[in-house]
Every structure is written in structure tokens, then in C-alpha cells.
Amino acid sequence: MIAAGPDGAGRGGSGGDDGRQGTAVPLAPEVLGRLMPMFLWLGRDGRIRAAGPTLRKIVGAGPLTGDPFDAHFLLGRAPAAPGLATEGLVRRGRLHLSLRANPAAVLRGQAAALGPAGGHGVLLNLTFGIGLAEAVRDFGLTEADFAPSDLAMELLYLREAKDAVLAELKALNQRLETARRVAEAEALTDPLTGLANRRALEAALTQEVAALARGGAPFAVAHLDLDHFKAVNDTLGHAAGDHVLTRVATVLRAETRRGDVVARVGGDEFVLLLRANLDPARLTALGSRIIARLEEPCVFQGNSCRISGSIGIVLSASYPVPDPDRMLADADAALYGAKRGGRGRCTVVLPPGQGAAPDVGV
Amino acid sequence: MHGLINRSIQCFLRDTYGEALWRDVLGRAHLPPEGFEAMLHYPDPLTDAMIDAAAARLGKPRAALLEDLGAYLVTREPLRRLMRFGGTDYGEFLLSLEELQGRGLMALPDLDLPEIRLTAATAGRFLLQVRAKVAGWGPVLAGLLRAMADDYGALAIIELQQDAGGHAQLQVSLHETQFYQGRQFDLASPVVAQ
């Protein structure tokens with residue numbers, strides 16, 4: 001029997017006082033175990049006199065009665081100093097214990113002296129603290145292992161409710177992110193050809209210019225305008241025109257590299273942002289190859305559609321500080337130069353000091 | 001209405017009656033074309049419109065559909081587990097329903113679950129009064145309480161009634177808390193693959 005008064009001056013244990021009028025609370029260990037399933041009663045000699053059912057369950061070494069405290073428990077993570085007086089536990093205030101058999105399980109609690117001057121030892125009340133969910137899993141605990149006054153069930157409930165809510169939020173975020181990517185791609189894509197649109201081109205060009213200012217690689221801008229496209233559209237109809245535009249996109253994709261940007265910026269106008277092979281001769285060859293492929297006849301519903309194209313190309317190296325609008329305007333001017341020189345041509349504007357611009361017809 | 005509730009109804013309709021029915025309800029009730037998101041809020045009339053459209057399409061009384069919804073909710077494992085935190089047996093679970101609103105708020109501070117008051121509990125008989133801002137919780141809870149009785153392995157008869165004030169009330173006659181083996185409930189949450 002444990003008995004303790006409100007001032008900690010217990011009077012129990014010696015018998016004969018059960019019927020006495022007084023302020024002591026007489027408690028049999030079994031009763032105490034129901035209220036505090038993780039209590040531990042240590043005698044003055046540091047040996048266990050009784051333990052609550054949940055504590056016995058997690059220590060897993062039988063009734064524990066008579067075993068020394070430090071046979072099963074560590075103070076913090078270290079063994080208790082030999083001969084640790086039970087008063088020492090009381091003085092420590094908030095206690096952190098762990099189990100010798102399972103050092104990962106940390107227990108928190110406090111000790112109170114029993115009886116006059118701690119004559120009946122100390123009573124410890126322990127709990128799992130933040131490691132509750134892990135302890136429940138590791139020791140196979142059930143609701144019956146907790147006192148109804150313990151908030152453990154609410155904590156476990158809250159943890160699962162939180163996990164469920166977080167899972168929903170995660171799913172929502174995933175759906176929103178997917179929708180955002182689709183919307184972004186749609187906003188930057190020409191729906192007919194799947195090429196980049198003017199907005200995407202301008203963004204890429206701005207980025208490229210900024211990268212160049214930070215020491216990035218040079219690049220070229222090629223402006224392509226189809227020749228005779230209006231005739232196809234007017235005589236064979238819009239479906240034929242769309243077919244031609246789709247084929248132009250296929251040619252441009254095939255003739256450019258992965259890092260390049262191919263954009264349809266108007267009805268029959270295309271702009272290429274080229275990042276490799278910036279040698280003027282190779283650019284001229286590229287332009288000629290594209291024009292040659294555009295000129296290959298293509299058949300739409302039995303009708304032959306014949307088009308060509310004119311290209312103007314400028315290099316970032318031509319400018320001390322390249323400006324996207326300026327480069328586009330210059331490529332446009334070079335393109336019209338090529339058109340004036342007879343359609344189906346490619347003009348590359350060379351950087352200053354590199355001689356005359358080659359103007360190559362096909 | 002909290003999106004969680006609307007989405008639960010959406011999942012119930014889709015899982016139980018199929019995608020085609022859900023598409024039909026979406027159109028008939030003029031719901032958001034992409035359906036409901038659990039963590040957003042929607043105007044209350046949408047919920048009623050959804051339930052009415054589904055009941056009409058299925059030729060089922062509204063209350064019967066809502067009872068099926070209540071039973072369906074218990075088949076969702078995370079929700080079943082949250083309900084089982086209410087107590088170790090069905091009797092304790094019934095008593096814990098007074099905390100349902102509070103537990104809902106603990107999980108989601110803007111979740112408006114009905115207030116449930118236990119007005120009488122004599123040997124094996126419980127009377128639960130349901131107060132909510134929107135109608136329809138009575139049959140949902142009736143279906144849920146029946147399914148939870150099965151889950152606990154209890155033998156109970158649940159009757160949906162109306163009190164003098166026109167509020168839904170549930171009369172539960174609990175004949176046996178452990179009539180047969182209920183479903184397993186481990187306090188430790190199952191490990192979910194991320």
C-alpha cells in the first residue's frame with residue numbers, strides 16, 4: 001500500500017492506518033496502476049517495489065519487483081551513477097529515462113518522494129512524450145494501456161487526421177501543378193504546329209540576351225517568311241494552308257538542334273533561335289537546306305502545294321550589347337533584303353569586319 | 001460547404017455507381033466540371049444539387065442514398081480508423097459521438113460537422129440528437145452508425161427519427177457490444193508507402 005498526503009508526507013506502509021481519518025490517499029499498486037499505468041515505485045534501496053502494467057509491458061522483463069532500477073532503466077541514455085540515491089531522482093525535476101532493453105524508447109516523467117523524508121522511496125510517473133506513435137507501434141500498445149485521462153489517444157488521432165489532411169493537400173498541389181504546367185505550355189505554344197509562339201520566343205530571346213551579358217554563349221536569330229504561301233491558301237483553301245504550315249514545322253524541327261527554339265510568330269512567319277554552329281558559312285548552308293526542303297512539292301488532297309521561303313539571319317556577336325527587339329528587327333530587314341534579291345534566298349548579316357554578307361539563293 | 005464533404009460524396013458516387021453516373025450528375029447539377037477539391041470551399045446549394053441529381057438519376061429516395069453514403073464512409077480506411085479512435089467498444093464509440101464536432105475541428109479548423117447530443121442512455125438504449133446547419137446529416141449518420149456497429153462486431157438497431165423540434169435523432173438499441181468478431185483496429189497507424 002502506498003499512501004501519501006498532500007504535502008508529500010505519506011503515512012502508509014506501516015499498516016494499521018487504513019481506517020484512520022486523515023488526508024493521506026491510500027492506494028494499492030493495482031489501483032494506482034489503473035490511474036497511472038506507467039508508474040514506478042522505488043524503495044529507498046533503489047529497487048523496484050511495484051510498476052504499472054504498461055511500464056511492465058514495455059520493459060518486458062516480468063513483474064520487475066525486487067529488480068534494481070538501473071537493471072532496466074538508463075538516466076537519459078547513460079546508466080544511473082552507482083548508488084544513486086532515490087532522492088537524487090526527486091531533485092532532478094523533469095526526468096528523461098530510456099530502457100536498457102530498447103534504448104530508442106525515451107520516457108519522460110518526474111519523481112516524488114513518498115513518506116516522511118522519502119522513507120517509502122519515490123514514485124515515478126512516466127510517459128512517452130513525442131515518441132508516442134513509435135512506442136505504440138514498437139510495443140503493440142492498445143487504448144487499454146493508457147489511462148482515460150491521458151491525451152495519448154487524442155494525440156494519435158490528431159496525427160492520423162493530420163496525415164490524411166496532408167495527403168489530400170499533397171494530391172491537390174499535384175493536380176494544381178499539373179494544371180499549371182499544362183496552362184503554361186498552352187500559353188507558350190502555337191496550337192496548329194506545336195511550335196513555340198511569339199510570347200515563348202520573346203521570353204527565350206530575353207533569357208538568352210541576359211545569359212550572354214553574364215558571359216553566356218553567343219547565338220543567332222533567323223527570320224523565315226514563306227514565299228507563295230498566300231497563293232496556296234487562296235487557291236487550295238485554309239486546310240491546305242494548315243497542312244503546309246505543319247509540314248514547315250516538321251522541316252524546321254528536323255533541321256534544328258535540341259537547344260534551339262523554333263517559333264511560329266505570325267501567319268507564315270517563323271523565327272529560329274540558334275545556339276550552335278554559328279559559323280556564317282554553316283548558317284548559310286542551314287538556311288539553304290531549309291529553303292530547299294520547303295521547296296520540295298507536297299501533295300494535299302491530290303493538289304500539289306508549292307512554296308518557298310526567304311531567310312534573314314543575324315548574330316549576337318554583331319552587337320556590343322544585343323537587344324532582342326533590335327536583333328529581330330535586323331533579322332527582319334535581312335529577310336526583306338533576301339526577298340528583294342529574288343525569293344528563296346538566305347541572307348546572313350556578318351559581324352563588322354567579317355566581309356560582305358553572303359546572299360545565297362538556292 | 002467544406003470541399004472534404006463534397007469530395008466524399010463525389011468519391012462515393014463514382015466508386016459505387018461508376019464514372020458515367022458521376023459525369024451525368026456533374027452535368028445535371030451544374031457542378032464544377034473538374035469535380036470537387038477536398039481542401040477548398042463551395043457554396044452550400046451545390047451539395048444539395050449534387051445529392052438531388054444523383055437521387056433522381058438512380059431513382060432512389062434521397063435519405064436512402066445518404067444512408068449508403070454513411071456506410072461508404074466507413075469503407076475508407078483512414079476515416080474508419082479516425083472513427084475507431086472514439087472508443088474500444090461500440091458503447092464507448094456512441095458516447096464519443098458527442099465529441100465528433102470537436103474532433104472534426106481538431107483535424108480541420110473549418111470543418112463544420114454536426115453537433116451530436118446524447119440525450120438519453122439507459123441500459124442498451126441511446127438517443128442521439130443531431131443539430132446541423134444543413135439537412136441530411138441524420139441519414140448519413142444512421143448509415144455510418146450501422147456500418148460502425150458491424151466494424152466493432154456489435155449487434156445494434158439504429159432508427160432514424162425526428163424529435164419534436166423537427167431535428168433528426170437517432171435511436172440506437174445496443175443488444176450486444178461484442179456479438180461477433182469485429183474488424184481489426186491496431187492503434188499503430190499502418191505504414192503508408194510515400
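Each chain gets a letter, A, B and so on, in the order the sequences are listed, and its residues count up from 1.
Closest of all the heavy-atom pairs between B/Ala188 and A/Arg137 is CB-CA, 3.6 Å.
Classification of A/Arg175 and B/Glu37 as a salt-bridged pair holds, one side-chain N sitting under 4.0 Å from a carboxylate O.
The distance from the CG atom of B/Leu40 to the CG atom of A/Leu172 is 5.5 Å, given to the nearest 0.5 Å. The distance from the CZ atom of B/Arg84 to the OH atom of A/Tyr157 is 15.5 Å, given to the nearest 0.5 Å.
Residues B/Leu187 and A/Met153 have side chains in contact (heavy-atom distance under 4.5 Å, counting atoms from C-beta outward). At least one side-chain heavy atom of B/Phe85 sits under 4.5 Å from a side-chain heavy atom of A/Glu160. Under the 4.5 Å side-chain criterion, counting only non-hydrogen atoms from C-beta, A/Glu143 is in contact with B/Glu92. Looking only at side-chain heavy atoms (C-beta outward), A/Leu158 and B/Arg103 stay at 4.5 Å or farther from each other.
More than 12 heavy atoms of other residues, nucleotides or ligands sit less than 6.0 Å from atom CZ of A/Arg180. Enclosure of atom NE2 in A/His238 is not indicated, since only 12 or fewer non-hydrogen atoms of other residues, nucleotides or ligands lie within 6.0 angstrom. The environment of CZ in A/Arg253 is crowded: more than 12 heavy-atom neighbours from other residues, nucleotides or ligands sit within 6.0 Å. The environment of B/Gln181 atom CD is sparse: at most 12 non-hydrogen atoms of other residues, nucleotides or ligands sit within 6.0 angstrom. The 12-atom threshold is not exceeded at CD1 of A/Ile130, counting heavy atoms of other residues, nucleotides or ligands nearer than 6.0 Å. For B/Phe179, the CZ atom sits in a loose shell: 12 or fewer heavy atoms of surrounding residues, nucleotides or ligands are nearer than 6.0 Å.
Heavy atoms closer than 4.5 Å to chain A are found nowhere in B/Glu77, neither backbone nor side chain. Contact of B/Arg7 with chain A is made through the side chain alone, with heavy-atom distances under 4.5 Å. Heavy atoms closer than 4.5 Å to chain B are found nowhere in A/Glu134, neither backbone nor side chain. Both the backbone and the side chain of B/Leu82 have a heavy atom closer than 4.5 Å to some heavy atom of chain A. Within the 4.5 angstrom heavy-atom criterion, only side-chain atoms of A/Phe146, from C-beta onward, approach chain B.
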